[in-house]
Amino acid sequence: MLDLIILSLHFFICFLISVLIWRGPKDVDSHSSSTGSAETEPDGLIFIGKEEDIKKAQRITAKINGREIVVFYHEGKFHALDSRCYRKIFAHVISDINGQACIVCPWHKFKITLETGEGLYEGINPLEPSPTPQWQSKGVKQRIHKITIDNGNVYVSPPDLSVSFDSDYFADKYKNGGDLAMEK
């Protein structure tokens, strides 16, 4: 009976830790108006924040027309992608996988490159005499957003929605929906 209580307590603590990791630090969403639209500049670029502020924070989330994106500063470069992974939600943990900076989904363990939005998996070729796992691409799964830096300001280009990616499903499903993605 004591073992059952300890095991239950362990699972409860693990659940609480995963919720805290998932929620992460509160991001500033000062770039959205009350209607959920970001500040669009005359040239069509969308202001996200000050370069130094994002460098210091390492990441920031913003909304573009109700669509939540995350901008990372990692190893001297800025990257922007949909905040929801192609299966539901991101925790903002960056790992190096096969020489590429990747986001790793804590729920599904999907690996998505910051540079291209490609999904990676480790697979084998069973036709090889002694197959060894190698990193392979699932194709582009995550919408990435083009970053422009001008006068210390960071801008994102509006997404080209004429091309569809797997992440679009969850970005649209939870558009303006906040914390609805807790389900697995």
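Numbering of residues begins at 1 and proceeds along the displayed sequence.
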> Quick one: does I48's side chain get under 4.5 Å of I69's, heavy atoms only?
Replying inline: yes
> What pairs with Q134 under side chain to side chain donor-acceptor pair (under 3.5 Å), at least two apart in sequence or on another chain?
Replying inline: none
>> If the condition is side-chain contact (heavy atoms from CB on, under 4.5 Å), which residues does K77 pass it with, not counting sequence neighbours?
In response: H79, E115
> Tell me, do I112 and K141 make a side-chain contact under 4.5 Å, heavy atoms counted?
Replying inline: no
Pairs of donor and acceptor atoms involving the side chains of residues 96-103, under 3.5 Å and at least two apart or interchain, shall be tabulated with distances.
residue, atom, partner, partner atom, Å
D96, OD1, Q100, N, 3.4

>> Among residues at least two apart in sequence or on other chains, which ones pass side-chain contact (heavy atoms from CB on, under 4.5 Å) with A57?
In response: none
>> Using side chain to side chain contact (heavy atoms under 4.5 Å, CB included), reason through K56 and Y73 one step at a time and then give a plain yes or no.
In response: CA-CA 9 Å; K56 190 183 303 181; Y73 181 73; over 6 Å; no
> Does I64 belong to the same Ile/Leu/Val/Met/Phe/Trp/Tyr cluster as I149, with side-chain heavy atoms less than 4.5 Å apart forming each link?
Replying inline: yes
> How would you list, by chain and number, every residue that makes a ring-ring contact (aromatic ring centres under 6.0 Å, His included) with F165, sequence neighbours excluded?
Replying inline: none
> For T116, what residues pass the side chain to side chain donor-acceptor pair (under 3.5 Å) criterion, not counting sequence neighbours?
Replying inline: T113, E118
> Yes or no on side chain to side chain contact (heavy atoms under 4.5 Å, CB included) for D53 and I60, after CA distance, side-chain angles and deciding distance?
Replying inline: CA-CA 9 Å; D53 293 341; I60 188 171; over 6 Å; no
> What distance do L45 atom CG and Y155 atom OH have between them, rounded to the nearest 0.5 Å?
Replying inline: 7.5 Å
>> Test of understanding: with side-chain contact (heavy atoms from CB on, under 4.5 Å), list the residues that count as partners of I144, not counting sequence neighbours.
In response: L81
>> Tell me every residue that passes side chain to side chain donor-acceptor pair (under 3.5 Å) with S162, counting only those two or more places apart in sequence or in another chain.
In response: D160
> Given the rule that I, L, V, M, F, W and Y join up when any side-chain heavy atoms are under 4.5 Å apart, are F78 and I46 in one cluster?
Replying inline: yes
> Roughly how far, to the nearest 0.5 Å, is the CD atom of Q58 from the CZ atom of F72?
Replying inline: 10.5 Å
> What pairs with L161 under side-chain contact (heavy atoms from CB on, under 4.5 Å), at least two apart in sequence or on another chain?
Replying inline: R67, R143, P159
>> Tell me the closest heavy-atom pair linking S137 and L120, and the distance in Å.
In response: CA-CD2, 4.2 Å
> Linking Ile, Leu, Val, Met, Phe, Trp and Tyr by side-chain heavy atoms under 4.5 Å, what else ends up with I124?
Replying inline: none
> Can you tell if the side chain of N153 reaches within under 4.5 Å of the side chain of K50, non-hydrogen atoms only?
Replying inline: yes
>> I'd like to know whether D82 forms a side chain to side chain contact (heavy atoms under 4.5 Å, CB included) with D168, so could you lay out the CA-CA distance, the side-chain angles of the two residues, the decisive distance to 0.1 Å, and finally the verdict.
In response: CA-CA 8 Å; D82 283 351; D168 291 339; 3.8 Å; yes
> If we only count heavy atoms from C-beta on, is the L114 to I94 side-chain gap below 4.5 Å?
Replying inline: yes
> Would you say K55 has more than 12 foreign heavy atoms packed within less than 6.0 Å of its NZ?
Replying inline: yes
> Listed by chain and number, what are the side chain to side chain donor-acceptor pair (under 3.5 Å) partners of E52, not counting sequence neighbours?
Replying inline: none
